Amino acid sequence: RGNQSKRNVYVKAIILGDSGVGKTSLMHQFVQGRFNSQYKATIGADFLKKDIDVGDGRVAVVSCWDTAGQERFQSLGVAFYRGADCCMLCFDVTDARSFENLDNWRDEFLLQVGPRDLENFPFVVVGNKIDVEGKRAVSQKRAMDWCVAKGNIPYFETSAKRAINVDDAFRTVVLNALEQE
Ligand code: GDP
Ligand code: MG
């Protein structure tokens with residue numbers, strides 16, 4: 001079937017995590033297939049869109065919501081969270097503090113969104129910057145143990161810089177969101 005006969009389904013994905021872990025870089029790598037080390041705190045847009053062919057006659061139109069840097073000093077506001085279908089929780093594998101803060105990001109998300117089915121909400125956890133050598137501060141096991149404890153959240157180790165696992169992480173959380181429909 002051609003694209004014309006495919007049905008669009010809309011998915012709002014939000015990207016959370018401490019400032020500097022690589023959220024904006026992950027989104028740009030996913031949506032545009034590019035890494036640019038020059039992003040500053042703000043990107044101007046609220047979200048970027050990308051289509052994912054789900055392979056069952058549906059095309060997921062994914063809007064990725066990134067913060068504009070305000071995660072550092074203020075809450076993200078209701079519009080950011082409203083209607084989120086899935087959530088990517090990000091940390092930097094070279095920064096233990098950013099991993100320890102995942103609890104706070106998850107709690108804040110659940111508080112703001114209040115999903116009906118708390119246990120099965122489609123999260124994904126991303127440990128980014130695996131290309132950085134010799135600075136690993138969070139082991140794969142430690143991250144996976146946390147994910148298991150929080151209800152078997154899928155875990156991906158990524159590099160936005162080298163385009164490792166970025167598409168897989170986004171695809172997984174989007175497909176899980178579609179399953180919830
Ligand atoms: P954000 O604050 O979470 O949006 O993080 P950014 O995307 O702005 O990235 C913060 C810094 O980390 C920037 O200097 C990026 O170039 C860098 N960065 C992001 N992802 C990676 C990665 O996978 N590997 C490396 N080496 N650096 C990265
Ligand atoms: Mg950013």
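For ligands, and for the atoms within them, numbers begin at 1 and follow the listed sequence. Values in this document were obtained by computation on a predicted structure and should not be read as measured data.
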Consider every N or O of [X] and every N or O of ligand 1, then say whether any pair is closer than 3.5 Å.
{"X": "N36", "value": "no"}
{"X": "D66", "value": "no"}
{"X": "F35", "value": "no"}

Without placing hydrogens or testing angles, list every side-chain donor-acceptor pair under 3.5 Å for residues 120-132, not counting sequence neighbours.
unit_1 : atom_1 : unit_2 : atom_2 : d
N120   : ND2    : D117   : OD1    : 3.4
N120   : ND2    : D117   : OD2    : 2.9
N128   : OD1    : T158   : OG1    : 2.9
N128   : OD1    : A160   : N      : 3.1
N128   : ND2    : V21    : O      : 3.0
K129   : NZ     : G20    : O      : 2.8
K129   : NZ     : D92    : OD2    : 3.4
D131   : OD1    : S159   : OG     : 2.9

Show the nearest heavy-atom pair for residues Y81 and V113, with the distance to one decimal.
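The pair with the smallest heavy-atom distance is O-CG2, 3.7 Å.
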For [X], atoms of ligand 1 separated by under 4.0 Å from a heavy atom:
{"X": "K161", "result": "22 (C), 23 (O), 24 (N), 25 (C), 26 (N)"}
{"X": "K23", "result": "1 (P), 2 (O), 3 (O), 4 (O), 5 (O), 7 (O)"}
{"X": "S19", "result": "2 (O)"}

Between the side chains of K150 and E119, is the shortest nitrogen-to-carboxylate-oxygen separation below 4.0 Å, so that they form an ion pair?
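K150 and E119: not salt-bridged.
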Is the shortest side-chain N to carboxylate O distance from K23 to D18 below 4.0 Å?
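Salt bridge absent between K23 and D18.
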[X] contact mode with ligand 1 (heavy-atom cut-off under 4.0 Å):
{"X": "V21", "value": "both"}
{"X": "D18", "value": "backbone"}
{"X": "V132", "value": "side chain"}

Where do V31 and K49 land on the side chain to side chain contact (heavy atoms under 4.5 Å, CB included) test, with the steps shown first?
CA-CA 7 Å; V31 173; K49 278 191 176 173; over 6 Å; no
Among N128, T158, I130, which one puts a heavy atom closest to atom 20 (N) of ligand 1?
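Nearest heavy atom to atom 20 (N) of ligand 1 lies in N128.
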Report yes if the side chains of F156 and D168 come closer than 4.5 Å at any heavy-atom pair, otherwise no.
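Yes, at least one pair of side-chain atoms sits under 4.5 Å.
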Listed by chain and number, what are the salt bridge (charged side-chain N to carboxylate O under 4.0 Å, His left out) partners of R82, not counting sequence neighbours?
none
Could you confirm whether S25 has any N/O/S atom lying under 2.8 Å from the Mg ion (ligand 2)?
no
Look up atom CG in N101 and atom CD in E71, then write down how far apart they are to the nearest 0.5 Å.
11.5 Å
